[in-house]
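Heads up, the thing below is written out as structure tokens.
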Amino acid sequence: MIRTALPVMVALACAACSKPPQPNEPPAPQARVETPWDSLEAQKKKAQDVQKVVDDQAKAQAKAVEAQAQ
């Protein structure tokens, strides 16, 4: 009994001292999921871009009118 108890105790001691296995690689990031308001955000961005172009054209036209008036 003592002959088998000693190797079992040594095996348990070795198992208790070992480090847990490290994961091989970190988990991959998830792909972006489309939300219901993504299309609305795209429309909003497009409208802002159009408004910026219109404002720039209005400023250019106002400068042209001012230049002709002088």
Side-chain angles (χ1 to χ4, degrees):
M1 181 77 176
I2 292 179
R3 285 186 178 179
T4 58
L6 185 59
V8 169
M9 290 173 57
V10 170
L12 287 175
C14 289
C17 293
S18 66
K19 293 182 183 177
Q22 297 295 326
N24 294 342
E25 59 187 52
Q30 296 288 330
R32 188 175 184 287
V33 177
E34 187 174 338
T35 59
W37 53 86
D38 282 346
S39 63
L40 296 176
E41 290 293 325
Q43 290 175 357
K44 180 180 173 183
K45 173 82 169 107
K46 184 176 180 181
Q48 288 172 340
D49 292 343
V50 169
Q51 185 64 47
K52 183 178 178 184
V53 169
V54 170
D55 290 343
D56 291 343
Q57 289 176 348
K59 286 179 186 177
Q61 188 176 11
K63 285 183 183 179
V65 169
E66 250 183 63
Q68 283 182 345
Q70 290 179 355

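All residue numbers in this chain count up from 1 along the given sequence.
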- Query: Quick one: NZ on Lys63 to CD on Gln61, what's the gap to the nearest 0.5 Å?
  - Reply: 13.0 Å
- Identify the heavy atoms of Val33 and Asp38 that sit nearest to each other, and give their distance. O-OD2, 4.4 Å
- Residues which pass side chain to side chain contact (heavy atoms under 4.5 Å, CB included) with Gln30, listed by chain and number, not counting sequence neighbours: none
- Side chain of Asp56, backbone of Val53: donor and acceptor closer than 3.5 Å? no
- Query: Does Ser39 have any side chain to side chain contact (heavy atoms under 4.5 Å, CB included) partners at least two apart in sequence or in another chain, and if so, which?
  - Reply: none
- From Leu40 CG over to Lys44 NZ, what is the distance, rounded to the nearest 0.5 angstrom? 10.0 Å
- Do Lys45 and Asp49 sit within salt-bridge range, that is, some charged N less than 4.0 Å from a carboxylate O? yes
- Around atom CD of Glu41, are there more than 12 heavy atoms of other residues, nucleotides or ligands at under 6.0 Å? yes
